[in-house]
Amino acid sequence: MPSLVYVSSILLATSSATVTYLYFLHRSLGHRIHHEFHHSELPKSVSTVLSLPVEVSRGECRAFYDHASRRVARKLLPTQQLEDLFTLLLRRNMTAFSRFPQAWILRLNVTPADRITFRASHIQSLQFKKGDLVCGLYRVQERAPNKAVLELLFKGDVHGRLIIRFWEEGEEVVFCTETIMWTSKLQSGQSKKAIVPLENPVLRFLHEMAAWWLIDSGVTYLLDLKGNTHSLDVGSL
């Protein structure tokens, strides 16, 4: 799987104009969201991820953690239940991701039956229940009204989780996306270690671009829904 992301990074980095644009977009997004990155020592918040193997939480693996969040006043969001808005956010963001270059490459490496999971009609019908497959790579492992935990179905020795959640702080709502990737530590006698995408500078940059843009534009999407009842398809939630 990491090799697929390498191909994607090469395609995106072939133009100097593209690199310049991505650099300034990355910097702009960095001013609007809260971002954290941890290596080895994971934050305590990951203890709520029940599907995370215990050896990862104990620090027995080479683990990398990326966090991006954006807060917004509750009064600026539509009046619908936050749980319903969260499902709309999940649908919108995964539909947006399905159009990314990475997703087009993933399409070529999944079974024909799984290619339907990239379709907007498929994603928009999901409640993101446990077992649901999205974009060929993400399998829902946990679901709560305020959280969805998706397993990253990497091939090989790298594993991961994508956590999307929200919580309320006073009169504000914080929407957050977290990514955890890990692999086994190099054992005695082993000469080659698996490369985790988040430890490669280029791949980490591209991941941040995608994650930051999705959480930022996803919250903007929810803000734009206020007063537009036709866009709030709560009847199917």
Side-chain angles (χ1 to χ4, degrees), residues 1-43 45-46 56 61-71 89-90 92-109 118 134-138 149-165 174-183 192-221:
M1 173 59 206
S3 62
L4 299 178
V5 190
Y6 273 108
V7 173
S8 176
S9 67
I10 293 172
L11 292 175
L12 288 174
T14 52
S15 167
S16 59
T18 299
V19 172
T20 302
Y21 169 76
L22 292 178
Y23 168 77
F24 283 106
L25 178 58
H26 183 273
R27 189 168 70 172
S28 176
L29 288 170
H31 292 311
R32 296 199 295 273
I33 66 168
H34 173 70
H35 175 249
E36 296 178 19
F37 182 79
H38 298 268
H39 172 213
S40 295
E41 186 174 346
L42 300 179
S45 62
V46 305
V56 180
C61 298
R62 292 178 49 245
F64 299 81
Y65 168 89
D66 183 78
H67 165 114
S69 61
R70 179 180 168 184
R71 62 179 60 237
L89 175 71
L90 291 173
R92 181 269 170 193
N93 278 10
M94 295 310 296
T95 300
F97 173 78
S98 71
R99 305 187 184 105
F100 280 21
Q102 296 95 320
W104 285 103
I105 294 173
L106 288 173
R107 276 182 174 88
L108 303 176
N109 291 272
F118 292 87
V134 191
C135 293
L137 178 68
Y138 303 91
V149 178
L150 287 71
E151 179 182 5
L152 305 180
L153 302 176
F154 291 150
K155 294 180 180 179
D157 298 325
V158 177
H159 311 276
R161 294 290 187 275
L162 171 66
I163 306 104
I164 308 170
R165 59 192 178 101
V174 181
F175 293 94
C176 172
T177 178
E178 301 162 285
T179 303
I180 307 171
M181 294 183 185
W182 71 88
T183 189
K192 187 177 181 180
K193 66 179 181 179
I195 301 299
V196 178
L198 285 180
E199 70 177 316
N200 177 282
V202 174
L203 303 184
R204 177 181 163 188
F205 175 84
L206 293 174
H207 167 81
E208 289 177 351
M209 283 292 305
W212 296 9
W213 183 84
L214 284 171
I215 198 66
D216 182 63
S217 60
V219 172
T220 299
Y221 161 78

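Being a predicted model, the structure only gives us computed values, none of them experimental.
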Under a 4.5 Å cut-off applied to non-hydrogen side-chain atoms, are Asp66 and His35 in contact? yes
Donor-acceptor under 3.5 Å (Thr183 side chain, Asp157 main chain): yes
Using the rule given for side-chain contact (heavy atoms from CB on, under 4.5 Å), can you reason through Trp104 versus Phe118, listing the C-alpha separation, both sets of side-chain angles and the distance that settles it, and then say yes or no? CA-CA 9 Å; Trp104 285 103; Phe118 292 87; over 6 Å; no
Checking Glu199 now: which residues fulfil side-chain hydrogen bond (donor to acceptor under 3.5 Å, both in side chains) with it, not counting sequence neighbours? Arg62
Non-neighbouring partners of Tyr138 that pass side-chain hydrogen bond (donor to acceptor under 3.5 Å, both in side chains), sequence neighbours left out: none
Any Ser45 side-chain heavy atom under 4.5 Å of Tyr65 side chain: yes
Between CD1 on residue Ile215 and CG on residue Leu89, distance to nearest 0.5 Å: 5.5 Å
Parallel, tilted or perpendicular, as decided by the 30° and 60° cut-offs, for the rings of His34 and His67: perpendicular
Which value, rounded to the nearest 0.5 Å, describes the distance between Ser69 atom OG and Glu178 atom CD? 8.5 Å
Donor-acceptor pair, distance only, cut-off 3.5 Å: does the side chain of Arg165 make one with the backbone of Val149? no
Quick one: are Leu137 and Phe154 in side-chain contact, heavy atoms under 4.5 Å? yes
Any non-hydrogen side-chain atom of Ile164 less than 4.5 Å from a side-chain atom of Asn93? no
Closest heavy-atom pair and its distance - Trp212, Ala68: CD1-CB, 3.6 Å
Which value, rounded to the nearest 0.5 Å, describes the distance between Leu203 atom CG and Leu198 atom CG? 8.5 Å
For residues Glu151 and Arg161, determine if any side-chain heavy atom of one lies less than 4.5 Å from a side-chain heavy atom of the other. yes
So which of Met209, Arg92, Met94 actually passes side chain to side chain contact (heavy atoms under 4.5 Å, CB included) with Leu214? Arg92
Between Phe100 and Ala210, the two heavy atoms sitting closest are CE2-CB, 3.6 Å
In Å, rounded to the nearest 0.5 Å, how long is the span from OG1 of Thr177 to CG of Leu162? 4.5 Å
So, Arg70 side chain and Ile33 main chain: donor-acceptor pair closer than 3.5 Å or not? no
Mind checking the CE-CD1 spacing from Met181 to Ile195? Nearest 0.5 Å is all I need. 13.0 Å
Output the distance between atom CZ (Phe37) and atom NE2 (His207), rounded to the nearest 0.5 Å. 8.5 Å
